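Just so it is clear, the model here is predicted, and its values are computed rather than measured.
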Amino acid sequence: MTTTHTAATRPAGRGGKPRIQHTLQVLRKETLSPHMVRIVAGGPGMAKFEPSYATDMYVKILFLHPGVEYTAPVDVAALRESLPREQWPVTRTYTVRWVDLAAQELAIDFVLHGESGLAGPWAAAAVPGDTIIFSGPGGAYTPNPDADWHLFAGDEAALPAIAAAIESLPAGAKGHAYVEVDSAADIQPINKPDGVELSWVFREGASPAESTVLLDAVANGPWPEGTVHAFVHGEREYMKALRDLLFKQRGLERSQVSLSGYWAYGRTEDNFQAEKREPIGQIL
């Protein structure tokens with residue numbers, strides 16, 4: 001299927017702001033670690049891309065079903081009016097790692113889980129010239145400049161947002177960041193202020209259901225005086241444990257914490273999204 005670069009307006013999302021569909025081309029792929037690759041996309045379609053202020057800026061990538069004939073250029077909103085639901089594109093949410101408007105490029109990092117999942121295998125097989133379609137961007141968090149210090153905690157899924165937030169901090173910022181990955185081979189460079197201590201914690205092959213290394217690191221780590229602003233995202237059950245640590249044990253206010261589950265161990269993406277409306281899926 002051949003598509004052209006386009007930006008189509010979709011129905012308004014929450015807050016009444018229209019969601020814009022963007023169609024870009026893969027420009028290059030970079031291997032960041034054994035379990036993560038970066039897709040850099042761009043082209044003329046970037047002309048209508050307006051970055052969010054948020055450092056957790058995200059887009060909703062739209063994956064077309066193989067074997068289904070889609071009219072080019074693809075207009076996802078129109079497809080949902082004309083095709084049966086089982087042929088609608090599948091949506092996955094991903095953080096935008098960085099945007100370079102001058103170069104008409106943006107980067108999205110993908111965690112690789114072998115053949116499982118949808119987005120990871122697509123990213124692993126992507127080559128320059130492939131098409132990527134997404135809507136957005138959205139986002140809600142940016143580090144509070146009035147905070148005395150910052151706390152970051154998350155796993156691979158949250159690593160792009162944590163890295164983007166750390167790199168947005170002023171030179172004099174202070175804080176502690178904890179990033180859980182499988183092993184030391186998964187460490188990535190992050191351009192951080194000198195006052196932000198970055199700790200990598202390793203599962204060493206354990207599943208998130210078995211590991212407590214992230215929770216233990218945050219619980220046992222330093223807790224400076226002053227007002228903290230926290231960004232804590234990752235696997236859902238981990239986030240529930242960190243929620244209790246931050247709110248019940250540390251006594252933080254809701255306004256001091258950005259916290260959510262990006263995924264859930266043992267759940268497909270579709271089941272995870274559906275469970276957000278049920279008690280098991282609710283964190284705050």
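- Asp182 contributes a side-chain N or O that, together with a main-chain N or O of Gly205, makes up a donor-acceptor pair within less than 3.5 Å.
- For the residue pair His233 and Ser258, a side-chain donor N or O sits within less than 3.5 Å of a side-chain acceptor on the partner.
- Checking side-chain atoms of Lys29 against main-chain N and O of Ala126 turns up a donor-acceptor pair under 3.5 Å.
- The closest side-chain donor-acceptor pair between Tyr70 and Gln87, if any, does not fall under 3.5 angstrom.
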Would Arg203 and Glu180 count as a salt bridge (charged side-chain N to carboxylate O under 4.0 Å, His left out) here? Give the steps. CA-CA 7 Å; Arg203 290 188 304 274; Glu180 179 193 297; 2.7 Å; yes
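- The closest donor-acceptor contact from the side chain of Asp109 to the backbone of Arg97 lies at 3.5 Å or more, if one exists at all.
- Thr212 places no side-chain N or O within donor-acceptor distance of the main-chain N or O of Leu215, the cut-off being under 3.5 Å.
- For the pair Asn220 (side chain) and Ala217 (backbone), a donor-acceptor distance under 3.5 Å is absent.
- Nearest heavy-atom pair, Leu112 versus Pro34, reported as atom, atom and distance to 0.1 Å: CD1-O, 4.4 Å.
- The hydrophobic cluster containing Ile61 does not contain Trp98, counting ILVMFWY residues as joined when their side-chain heavy atoms lie under 4.5 angstrom apart, directly or transitively.
- Residue Glu86 qualifies as enclosed at atom CD: its count of foreign heavy atoms under 6.0 Å is above 12.
- Relative ring orientation between Trp122 and Phe63 is described as perpendicular, the plane-to-plane angle rising above 60° on a 0-90° scale split at 30° and 60°.
- Put simply, Leu32 and Phe202 are part of the same group of oily side chains (I, L, V, M, F, W, Y) that touch within less than 4.5 Å, one to the next.
- The aromatic rings of Phe152 and Tyr141 sit perpendicular, their planes meeting at an angle over 60°, well past the 30° parallel limit.
- Val74 pairs with exactly one of Thr23, Leu64, Thr131, Leu62 by the side-chain contact (heavy atoms from CB on, under 4.5 Å) rule, that one being Leu64.
- With a 4.5 Å cut-off on side-chain heavy atoms, Ile133 and Gln21 count as touching.
- Going from atom CD1 of Ile162 over to atom CZ of Phe231 covers 6.5 Å, rounded to the nearest 0.5 Å.
- Taking every heavy atom of both residues into account, Pro89 and Leu79 meet most closely at CG-CD1, 4.2 Å.
- For the pair Trp88 (side chain) and Leu83 (backbone), a donor-acceptor distance under 3.5 Å is present.
- Side-chain contact between Lys174 and Pro224: absent, with no pair of heavy atoms (C-beta onward) separated by less than 4.5 Å.
- Here the side chains of Glu235 and Glu237 are in contact, with some heavy-atom distance below 4.5 Å.
- Within the 3.5 Å criterion, the main-chain N or O of Lys192 finds no donor-acceptor partner in the side chain of Glu167.
- One finds the CD1 atom of Ile190 at 5.0 Å from the CD1 atom of Ile166 (value rounded to the nearest 0.5 Å).
- Distance alone, capped at 3.5 Å, places no donor-acceptor pair between the Asp244 side chain and the Ala241 backbone.
- Rounding to the nearest 0.5 Å gives a distance of 8.5 Å between CG of Leu151 and CG of Leu242.
- Here the CG-NZ distance, from Leu259 to Lys240, works out to 11.5 Å after rounding to the nearest 0.5 Å.
- Under the 4.5 Å side-chain heavy-atom criterion for ILVMFWY residues, a single connected hydrophobic cluster contains both Trp149 and Leu245.
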Are Tyr94 and Tyr58 close enough, and set up right, to give a ring pair (Phe, Tyr, Trp, His ring centres under 6.0 Å), and what steps lead you there? CA-CA 5 Å; Tyr94 272 81; Tyr58 65 85; over 10 Å; no
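- Thr227 is listed as a side-chain neighbour of Gln256, based on a closest heavy-atom distance under 4.5 Å.
- For the residue pair Thr91 / Lys60, no side-chain donor-acceptor distance below 3.5 Å is found, with atom types taken as modelled.
- Remark: aromatic rings of Trp200 and Tyr178 are distant, center separation not under 6.0 Å.
- Across all non-hydrogen atoms, the minimal contact from Pro128 to Arg28 is CG-CA, 4.4 Å.
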How far apart are the C-alpha atoms of Leu106 and Leu24, what are their side-chain angles, what is the distance that settles it, and do they pass the side chain to side chain contact (heavy atoms under 4.5 Å, CB included) test? CA-CA 10 Å; Leu106 60 76; Leu24 305 181; 4.1 Å; yes
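- No continuous path of hydrophobic side-chain contacts links Val37 to Val40 [ILVMFWY only; heavy atoms under 4.5 Å].
- In terms of modelled atom types and a separation under 3.5 Å, the side chain of Gln25 and the main chain of Leu27 share no donor-acceptor contact.
- Between Leu169 and the options Asn191, Val196, Thr55, a side-chain contact (heavy atoms from CB on, under 4.5 Å) holds for only Val196.
- Counting heavy atoms from C-beta outward, Gln188 and Met36 have side chains that approach closer than 4.5 Å.
- When each of Glu105, Glu50, Met46 is tested with Val99 by the rule side-chain contact (heavy atoms from CB on, under 4.5 Å), just one qualifies, namely Met46.
- One distance of note links CZ of Phe134 with CD1 of Ile108; it measures 6.0 Å at 0.5 Å rounding.
- Contact check for Ser135 versus Ile20: no side-chain heavy atoms found under the 4.5 Å cut-off.
- With values rounded to the nearest 0.5 angstrom, Asp75 atom CG is found 10.0 Å from Glu81 atom CD.
- Minimum interatomic distance between Ala107 and Arg38 (heavy atoms only, all atoms of both residues): CB-CD, 3.7 Å.
- Contact check for Val181 versus Asp155: no side-chain heavy atoms found under the 4.5 Å cut-off.
- Nearest heavy-atom pair across Ala206 and Ser211 is CB-CB, 4.3 Å.
- Of all non-hydrogen atoms in Asp56 and Ala140, the two that sit nearest each other are OD1-N, 3.0 Å.
- By the 4.5 Å heavy-atom criterion applied to side chains, Met239 and Ser260 are not counted as neighbours.
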